[in-house]
Structure formats: C-alpha cells, structure tokens
Amino acid sequence: MKHSLIPKYVIIAAVTLSITACSSETVQDEKNDLLGHSGISATSHSILEDNADPIYVADSFVDIQATGTPQSYEDLQDFIKPYESVNFLKYEIISQYTPEEAYEFSGDDMFLYGATLYDIHVTYDYMNSQPLDIYTRLSSAGTPESQFEGFPPYLPGEVYACFLPDFDENQINYEFSELLFAIDCISEDVQAYHLGFEKINFVDQTGKSIADSDFSPLSVITSTRNNPVYYVKKIQSDKLVEYLYNDWLSRDYDFQTSFRKTKEEHE
Amino acid sequence: MNKIKILLLFLTASFCAVSILSVSSSAHTVSIVVEHDPQYTGWDIYDESEAHHSNYTTAITVNKGDFTSADFGNYITNAVTQWNNATFNGTDLLYMKESSTGYIKFCKKTLAQMQKVNKGNAWAFVYRSKATTDSNSHYTLNSGNVEIWVNWDDVLSAKATGCKTHTALHELGHVIGLVDIPASVSPNAYLMCNEFGSYYSVPKEITINDKQGAAVILGQHTNHSFSNSGTWNEKIDNTQHRRICSVCEGYTIQNHSFGAWSDYGQWLQVRFCCCGYAQYRDK
Ligand SMILES: [Zn+2]
Ligand SMILES: [Zn+2]
Ligand SMILES: [Zn+2]
C-alpha cells in the first residue's frame, strides 16, 4: 500500500460543519483548509433530522445473504475474540475518495465494486479515556451506487464511534459494523445511536437493556434519498462506554494501547 | 411451520376454475409462475432477474479453491455429493460436480476481508457482487466466476462439525438460487434457515422444502399440480384463496369460485368455494 500524508481529497457534498463541535479545536484550521475549496456552506442540523438535499440515489442495494451471522451480543464474541486487542474510537468523516482514487491509493480493486474509502479524523479513545488526534483512512462496505439498506454512504462532518479492529493509523482501517454508533454531540448529554443490528442488545447483569426505552427505531435521510440511515437504539454514550469497558474487561480482552496521542509526538 | 391446510372432505366438486395447469419452460428460460412467500412455502428463491444457476441439466461445477481435505475441503465434497444425489418427485434434482476449473470457487477469507465488503460479521457468504451473468441472469460458467467466501481460520474451524456441514450445503443452495429463510418462518427447520445463532442446532441436510424451491428455480419441476381438494386451497380473505401445488407447495392467488347454492336450514342458502369459504344468503 502506498502511503502519503496528504491524500487527494474528494469533497462530495454540502456538509454541516457545526457538527464538528465534537472535534478538538486545534485541528479546525487544518480541516477548514482541506474542505476549503469545495464551497461548502456550513449549516446546523441534528443527526435526527432528514437532510433536505441528499446527494445520492442508490441504484441498487447489496443483498449478501450471509450465514452464521451473530444473532445476539453473545454471538458477537465469536468475531471479537480472534483479535489481539479491542478498542472503541470516536472519529469524524473528513472526505470520501472516488472509486478510482481509492483504487489508485490502495491497489485494492474492492474499492471499484464493493467498498468506499474515507479520510477520517480519530479524536477519542474511549477505552483508555484519552483524546486522540489521528488522521487516517477508513474503508466501509458498500458504494454510493450499490448500498446496504440502512447504511448510506457517510457525509463529511458525521461523527461515529466504533470498534476499528487492528487499528493502525498507517493502514486502511475498517469498521466492526455491529458496534457502529452515530454520535450526536449537539446536546450536552452525548447520545449514541446504534445503526441497524436490532438483535445485538446491550443488557446489563440484571437483564436490563442500557438503551433508552422511550426511543423508537428511526429512519433519517442523510446522504441518500432512497436509503435512510436506520437508528435502532439510543444509548447515552457514557453508559455505552462503561458497558463495553466492563464487559470486555470481564472477558479478558486486551485494550489496544498503541495510539499516538498527538500530532507532535508523531512528527 | 406455518402451512395451514384446511381439510374439507365434503368439498370435492369442481368449483375452482383451474387457470394454470402447466407451465412452459425451455432449457434456458425457466418461467417461475408460482408465488413463493416462504411463510407459506417454507422455501424462497431469487426472482428471475436476480443472479442464479441456469437450470437443472447444466452442471454446477465446484472448485474447492483455497480449501483442502485437511480443512473445509471434505465438507465441500460432502455438500457437492449430497446436492448431486438429491432427487425430487422421483427424478434427479440437479447436476453438481467438483472441478478444478469450476465456476463456483470457495475462498478462505479473514474477518477483515469479509467486513470490508459486508455490513456485519458472518461465517460465510456467496459474494455475488463480483459474479457475471448472461442476459437471463444466469451465472456464466467461467472458472471461478462465483466466489463463496468462508471465514474458516477465525470462526468456522472452531465450530461443531454440523456447522461446517451446514455451511457448505447452504452456500451451494444460494448458488442454485435459494434464498435465506428468516427466523419468523423457522430458525432452524430447513437448510436455508440462517438466523440460528449459537443456540440452535443447524440443519445438516437438504430438506424437502429446500428441494421444492431448487426444483422450481432450476426448472426441474414445471408441471404444477393443482387440485380442488380443500387441503390444497387456502382462504386468504373474503375475495381470494391460495391455490397450492401439491408437489412444490408454490401457489397462485385466485378469486374464490363458488359451487351452486343449496338450502341451509329453513331460511338460508349456502355455497362453498374449494378453500372452504362459505357464502350465505336468504332463501
Ligand atoms: Zn444464506
Ligand atoms: Zn409445483
Ligand atoms: Zn376459495
């Protein structure tokens, strides 16, 4: 794989810069430089409101009929255990590569038919309670033409929390999809919205779900007119982090510690 | 299973107009005329416009690919043999064989490789996005055209023998054109069930329901058999009934067709449809 610190950015859409309130202030200037030539106008919106100007219409939906998919949080452990360590990271989508750019950058033809490459800014390591300032790349299943239902392509400015297995800032990272949450950081009380995977429930030792019981599953139009994102649960982010931390600790999973904390340390 | 068969022995007259008795098919264009909501059939198949194997006489050639007899290879061999030996309604169901240039290729993949092209983890899937098809949505037969991705090293190798047997058989079912059966129909009664989690024992053989679906999509079974027995006609609402083929359990939806009015007690008359639905009127 080729590495370059300043990749070619593709700015694809009008985005909401106000959402970047989640990011550390120190990198705001750099980000504005990166986004600067795109003519993006900053508007304020909640992640629970439909985007009035979605940029895509999906041509088709990917229908992968997988076997042995996890039917519960417990089943999920089969797929976490093989990793050397676990993490739970917060990141913001910075920009999206075209398929050709992604292929040129990575040499992986997967980006021509099955996945999309993004630049992301990783800002927080929940398991070690430490801020991070890492610019890296994320591969996500599906393309604007061929999407997974309920998982439209990301827009710059969107903020997520997820387990990124084998995280390495110098590699193309990828999501552990069952543990992907959209983060709403407009309110004081930060909320995590679980994308899809209704059967993966976060239940404490008393058998009670940590999710907000008043929340009904919600479809919200983001990047794609005919493919809203589907939030199935709302969980207070502190509760979610505490849950994952305690659960993973009890299972003897190792927490990934190999993070570079600041840009300066790296340079 | 949710197949309700209302047996009304006294209703044998030819009340129902039989509109579809036989279905034409040629070697390459199989016309699927029966409906197949798995809630009623126990099987489901891809639509004709979606990629699947062409027909029951053309060999489904399978390359073990990245696997050997030391790992998943023997399970693949077992699955190919089981599918090839399967019969339906007294004749061969399909033709499947192993070949080093098979158009189906089993590939050993990592957790990372599979997550990068799919939302969510899995033991295995048919990676159809890369496969080419002809103008009839039938897979072209070039070597390695349809890849079956299997997470062997990290997950499936540690599972029980039955899971491995199931996975090889089930994935080949998808190539044939069978679609997954959701837990709302059954979590584990058929080979094509896929929402079994850790707590169910997975099906390890091709059940009659799986064969029914395969026979329909491959054109092995085209002469659907409808009768006026109440067993094979099921009321949907006051307008329609489901007319079920007694061989494949696929069905068509038709309006009720009533017999003659007859006296019902002192004041009323009644007439019946073959599905058992009764209409009443004043005498
Ligand atoms: Zn399946
Ligand atoms: Zn039939
Ligand atoms: Zn009827």
Side-chain angles (χ1 to χ4, degrees), chain A residues 60-83 106 108-117 138-143 145-152 162-166 171-180 195-197 199-200 230, chain B residues 44 46-47 49-51 110-131 148-151 153-159 163-164 166-175 178-183 187-188 191-200 202:
Chain A
S60 64
F61 293 100
V62 189
D63 176 27
I64 291 185
Q65 304 221 327
T67 307
T69 56
Q71 303 294 305
S72 67
Y73 183 82
E74 212 48 47
D75 281 355
L76 205 56
Q77 308 314 315
D78 277 353
F79 301 92
I80 300 178
K81 255 180 275 167
Y83 292 109
S106 66
D108 192 337
D109 67 354
M110 164 185 85
F111 292 112
L112 299 177
Y113 55 81
T116 305
L117 185 63
L138 179 79
S139 165
S140 182
T143 65
E145 292 74 33
S146 192
Q147 305 187 7
F148 286 81
E149 253 180 307
F151 295 90
C162 193
F163 170 28
L164 303 182
D166 295 328
Q171 302 291 324
I172 292 176
N173 295 289
Y174 63 98
E175 302 150 321
F176 190 94
S177 302
E178 289 91 343
L179 295 177
L180 174 65
L195 274 71
F197 300 103
K199 292 176 189 166
I200 308 298
Y230 188 51
Chain B
D44 194 11
Y46 289 114
D47 292 335
S49 62
E50 297 175 278
T110 62
L111 288 173
Q113 285 171 313
M114 290 176 71
Q115 277 261 355
K116 282 178 181 175
V117 296
N118 186 33
K119 292 285 181 197
N121 287 282
W123 297 349
F125 52 71
V126 180
Y127 195 47
R128 301 162 77 227
S129 305
K130 276 177 83 172
I148 297 176
W149 289 22
V150 181
N151 186 317
D153 290 341
D154 293 315
V155 183
L156 191 56
S157 59
K159 291 286 167 192
C163 299
K164 300 164 188 170
H166 169 89
T167 300
L169 278 164
H170 178 110
E171 297 315 313
L172 291 172
H174 280 308
V175 173
L178 292 168
V179 171
D180 282 334
I181 300 299
N188 66 346
L191 176 62
M192 297 316 290
C193 292
N194 83 328
E195 297 176 295
F196 37 78
S198 302
Y199 306 104
Y200 297 98
V202 294

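Chain identifiers are assigned alphabetically (A, B, ...) following the order of the sequence lines, protein sequences preceding nucleic acid strands; residue numbering begins at 1 within each chain. Everything numeric here is computed off the predicted structure, so don't read it as measured data. Heavy atoms only: backbone and side chains are in, while hydrogens, waters and symmetry mates are out.
One finds no salt bridge joining B:K119 and A:E149 here, because no Lys/Arg side-chain nitrogen approaches an Asp/Glu carboxylate oxygen to under 4.0 Å. Using a cut-off of 4.0 Å between Lys/Arg side-chain N and Asp/Glu carboxylate O, A:D108 and B:K116 are scored as not salt-bridged.
In this structure, CZ in B:R128 is found 9.5 Å from CD1 in A:I64, a value given to the nearest 0.5 Å. For the atom pair CG (A:D63) and CD (B:E50), the distance works out to 6.5 Å, reported to the nearest 0.5 Å. How far OG1 of A:T67 is from CG of B:L169: 11.0 Å, rounded to the nearest 0.5 Å.
The candidate from B:L156, B:V150, B:V155, B:V117 with the greatest count of non-hydrogen atom pairs under 4.5 Å with chain A is B:V117. Top candidate by heavy-atom pairs under 4.5 Å with chain A, chosen from B:D180, B:D153, B:V179, is B:D180.
If you measure heavy-atom distances from A:F176 to chain B, the contacts under 4.5 Å come from both the backbone and the side chain. In this structure, chain B has a heavy atom under 4.5 Å from the side chain of A:S139, while its backbone stays farther away. A:S140 touches chain B through backbone and side chain together, each having a heavy atom under 4.5 Å away. Heavy atoms of A:K81 lying under 4.5 Å from chain B are absent altogether. Contacts between B:E171 and chain A at a heavy-atom distance below 4.5 Å involve the side chain alone, from C-beta outward.
Between B:N118 and A:F148, some side-chain heavy-atom pair lies under the 4.5 Å cut-off. With a 4.5 Å cut-off on side-chain heavy atoms, A:P82 and B:L111 count as touching.
Looking only at distances, no side-chain donor or acceptor of A:Q65 sits under 3.5 Å from a matching main-chain atom of B:V126. With hydrogens and angles ignored, the 3.5 Å screen pairs no side-chain donor or acceptor of B:N121 with any backbone N or O of A:L76.
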- Item | Trace of the side chain to side chain contact (heavy atoms under 4.5 Å, CB included) decision for A:E178 with B:Q115 | CA-CA 10 Å; A:E178 289 91 343; B:Q115 277 261 355; 3.5 Å; yes

